[in-house]
Number of protein chains: 2
Amino acid sequence: MAGPRFLKLPPPQQQAILRAALEEFAAHGFHDASLNRVIETAGISKGSMYYYFDSKADLYSHVALTELGGLMARLGPVPPLDEGDAETFWSVVEDFYLRAMRALIASPQLAALLRGWSSASKSPAFQPAQGAIEQESTPWIELALAAGQKVGAVRSDVPPTLLLSVVFGMGEAMDLWLMSQEPDDESLPATIHSLIGMIRGAVAPPN
Amino acid sequence: MAGPRFLKLPPPQQQAILRAALEEFAAHGFHDASLNRVIETAGISKGSMYYYFDSKADLYSHVALTELGGLMARLGPVPPLDEGDAETFWSVVEDFYLRAMRALIASPQLAALLRGWSSASKSPAFQPAQGAIEQESTPWIELALAAGQKVGAVRSDVPPTLLLSVVFGMGEAMDLWLMSQEPDDESLPATIHSLIGMIRGAVAPPN
DNA sequence: ATCAGTCTAGACCGATGGTCTAATTCGTCA
DNA sequence: TGACGAATTAGACCATCGGTCTAGACTGAT
């Protein structure tokens with residue numbers, strides 16, 4: 001797992017390493033990123049790198065978690081979802097999604113990082129480190145789905161795992177599509193409204 | 001691109017190479033598959049391999065295309081989708097999806113191959129070979145979507161590229177989920193019905 | 001001053017995808 | 001049949017990869 005040894009470094013050096021790693025991972029994705037380039041950019045030796053982190057995957061997950069934490073902090077607290085009716089549920093979700101997308105558009109490196117994660121996470125070698133990130137992101141969706149079911153906004157007639165998979169897949173596809181559009185801040189709300197509408201159509205209780 | 005040189009080989013040797021490659025790619029995915037293992041299993045030298053194919057990605061795309069072609073052939077002709085009303089459109093889609101899934105379940109190696117493709121295809125190195133496969137699969141979805149719009153089964157109020165992305169993402173997620181369920185042939189139709197219902201909810205015209 | 005523990009540097013390892021050249025096979029024409 | 005040129009093959013070779021290992025530099029305590 002993530003080493004406490006890394007956290008004992010002087011913060012500037014921590015940042016130098018994290019910055020180099022983020023740059024490399026965002027530019028090339030997990031597989032094609034080169035650890036050698038990272039240590040060269042960061043100005044440390046390979047021995048040191050492997051003293052701080054267990055593996056490439058360990059470094060990646062640490063970078064991803066740190067950046068994700070920063071994003072969440074910038075977004076502020078997650079609004080409660082299980083108080084109100086179905087309509088307010090969806091409007092709250094839409095609002096939060098809009099804010100998240102705005103933040104993501106503002107930091108394209110993070111966007112690239114998260115984009116690459118879903119491809120990397122399927123690799124067997126990634127399995128150990130995968131848990132950490134997944135436990136940071138999927139529980140949120142799970143909670144949101146459960147809350148949606150509670151207020152009648154989300155169907156309960158299919159297995160929860162299917163619901164989760166589909167929402168995750170749609171979210172991934174939508175994020176990717178959205179980024180490829182280079183969206184302007186003006187038309188974004190309307191676009192997000194369409195996207196949430198499609199998710200809603202998929203997971204809302206059938207008539 | 002795919003070499004005509006490979007096609008000049010005696011068919012048995014072609015099959016030996018394709019079989020070895022399929023085995024390796026299905027078992028380890030694109031990135032973690034080893035070309036050295038493939039040539040060892042196939043009983044050819046590295047020089048020959050690179051005489052037949054330009055690169056690892058080229059070999060992969062050739063294997064994937066061949067297998068995909070075989071699957072399509074086994075499925076038979078694609079039924080016409082633009083004749084009838086929305087309801088028949090969805091029932092035809094559902095029927096075709098059911099047949100495709102049955103075929104996919106019957107050949108787990110092909111399923112593993114296609115599963116791995118979506119992860120591999122995002123890699124920059126894969127870009128050249130990606131086009132070939134994508135042009136084999138996405139046009140079908142595009143045509144289906146266009147037919148759906150013609151008969152009023154699919155919404156026309158969002159960009160077609162978004163529709164395509166979302167359907168692709170949902171399909172990917174559903175296939176993955178379905179495979180992880182080890183579905184039995186008996187309950188499959190009902191499950192597929194749920195899945196198509198979700199896609200329908202996402203892309204059907206809003207009220 | 002010495003010793004134990006922490007940390008660093010970089011040579012080293014097996015394996016990878018890909019290149020290159022020398023040799024061999026093969027079809028063709030004399 | 002012999003010979004020439006192109007098609008094909010074999011495998012040594014290359015840079016690079018993620019990861020290991022050891023020799024030494026530092027640091028704080030006794």
Side-chain angles (χ1 to χ4, degrees), chain A residues 1-14 16-17 20-21 23-25 27-63 116 119-121 123-130, chain B residues 1-14 16-17 20-21 23-25 27-63 116 119-121 123-130:
Chain A
M1 304 289 163
R5 315 208 249 224
F6 176 70
L7 301 175
K8 285 186 174 181
L9 279 179
Q13 204 176 355
Q14 281 192 38
I17 295 174
E23 191 181 325
E24 178 73 14
F25 282 128
H28 301 93
F30 176 71
H31 269 291
D32 294 337
S34 161
L35 261 189
N36 290 331
R37 274 195 297 257
V38 172
I39 65 177
E40 194 180 353
T41 305
I44 64 172
S45 73
K46 185 171 282 196
S48 298
M49 177 61 93
Y50 275 89
Y51 182 71
Y52 305 141
F53 299 98
D54 292 343
S55 65
K56 187 187 185 180
D58 188 30
L59 171 64
Y60 182 89
S61 79
H62 193 270
V63 171
S119 345
S121 65
S123 158
F126 204 81
Q127 213 65 2
Q130 180 182 8
Chain B
M1 301 287 167
R5 316 209 246 223
F6 177 70
L7 301 176
K8 285 186 174 180
L9 280 179
Q13 204 176 354
Q14 281 191 37
I17 294 174
E23 192 180 323
E24 178 73 15
F25 282 129
H28 300 95
F30 176 71
H31 269 291
D32 294 338
S34 161
L35 261 189
N36 291 329
R37 275 196 298 257
V38 172
I39 66 176
E40 194 180 355
T41 306
I44 64 172
S45 73
K46 184 170 285 196
S48 299
M49 177 60 93
Y50 275 89
Y51 182 70
Y52 305 142
F53 299 98
D54 291 342
S55 64
K56 187 187 184 181
D58 188 30
L59 171 63
Y60 183 89
S61 80
H62 193 269
V63 171
S119 341
S121 65
S123 159
F126 204 80
Q127 214 64 3
Q130 181 183 8

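Any value given below was found using the heavy atoms of this structure, including those in side chains, with hydrogens, waters and symmetry copies removed. Lettering follows sequence order; numbering is per chain, from 1.
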Inset, instruction - Give the nucleotide from the list C:dT16, D:dT9, C:dC7 with an atom nearest to the side chain of B:Tyr51. - result: D:dT9
Inset, instruction - Can you label the angle between the A:Phe25 ring and the A:Phe30 ring as parallel, tilted or perpendicular, going by 30° and 60°? - result: parallel
Inset, instruction - Kindly say if B:Ser48 contacts the phosphate of D:dA10, meaning a side-chain N or O under 4.0 Å from OP1 or OP2. - result: yes
Inset, instruction - Kindly indicate whether the side chain of B:Val38, heavy atoms from C-beta on, has any atom under 4.5 Å from the side chain of B:Lys56. - result: no
Legend entry - salt bridge (Lys or Arg N to Asp or Glu O under 4.0 Å) involving B:Arg37 - partner list, sequence neighbours excluded: B:Glu24
Inset, instruction - Please state whether the phosphate of C:dT16, meaning OP1 or OP2, lies under 4.0 angstrom from any side-chain nitrogen or oxygen of B:Ser34. - result: yes
Legend entry - Test item: A:Lys46 and A:Leu35 side chains (from C-beta on) under 4.5 Å apart, heavy atoms: no
Inset, instruction - Calculate the interatomic distance between B:Lys8 atom NZ and C:dG27 atom P; express it in whole Å. - result: 12 Å
Inset, instruction - Can you tell me the distance, in whole Å, between the CD atom of A:Glu40 and the C1' atom of D:dG18? - result: 16 Å
Inset, instruction - Measure the distance from CD1 on B:Ile39 to P on D:dT9 and round it to the nearest whole Å. - result: 13 Å
Legend entry - From NE2 (B:His62) to CG (B:Asp54), nearest 0.5 Å: 11.5 Å
Legend entry - Between the first and last five pairs of the helix from C:dA1-D:dT30 to C:dA30-D:dT1, the angle of the axes, rounded to 10 degrees: 30°
Legend entry - Interatomic distance where CZ belongs to B:Phe30 and P belongs to C:dT16 [whole Å]: 14 Å
Legend entry - OG1 on A:Thr41 to CD1 on A:Ile17, rounded to 0.5 Å: 11.5 Å
Legend entry - Beyond-backbone contact of A:Leu9 with A:Phe6, side-chain heavy atoms, under 4.5 angstrom: yes
Legend entry - Letter per nucleotide, 5' to 3', of nucleotides 19-27 of chain D [B base touched, S only sugar-phosphate touched, - untouched; heavy atoms, 4.0 Å]: BB-------
Legend entry - Nearest non-hydrogen partners of A:Ala42 and A:Ala16, listed with the distance: CB-O, 4.2 Å
Inset, instruction - Calculate the interatomic distance between B:His31 atom NE2 and C:dT16 atom C1'; express it in whole Å. - result: 13 Å
Inset, instruction - Report the distance from atom CG of B:Leu7 to atom P of D:dT8, rounded to the nearest whole Å. - result: 12 Å
Legend entry - Pairwise distance CD1(A:Ile39) to CE(A:Met49) - rounded to 0.5 angstrom: 7.0 Å
Legend entry - Distance, rounded to the nearest Å, where B:Tyr52 contributes OH and D:dA10 contributes C1': 11 Å
Inset, instruction - Starting from P on D:dG18, measure out to CE on A:Met49 and report it in whole angstrom. - result: 10 Å
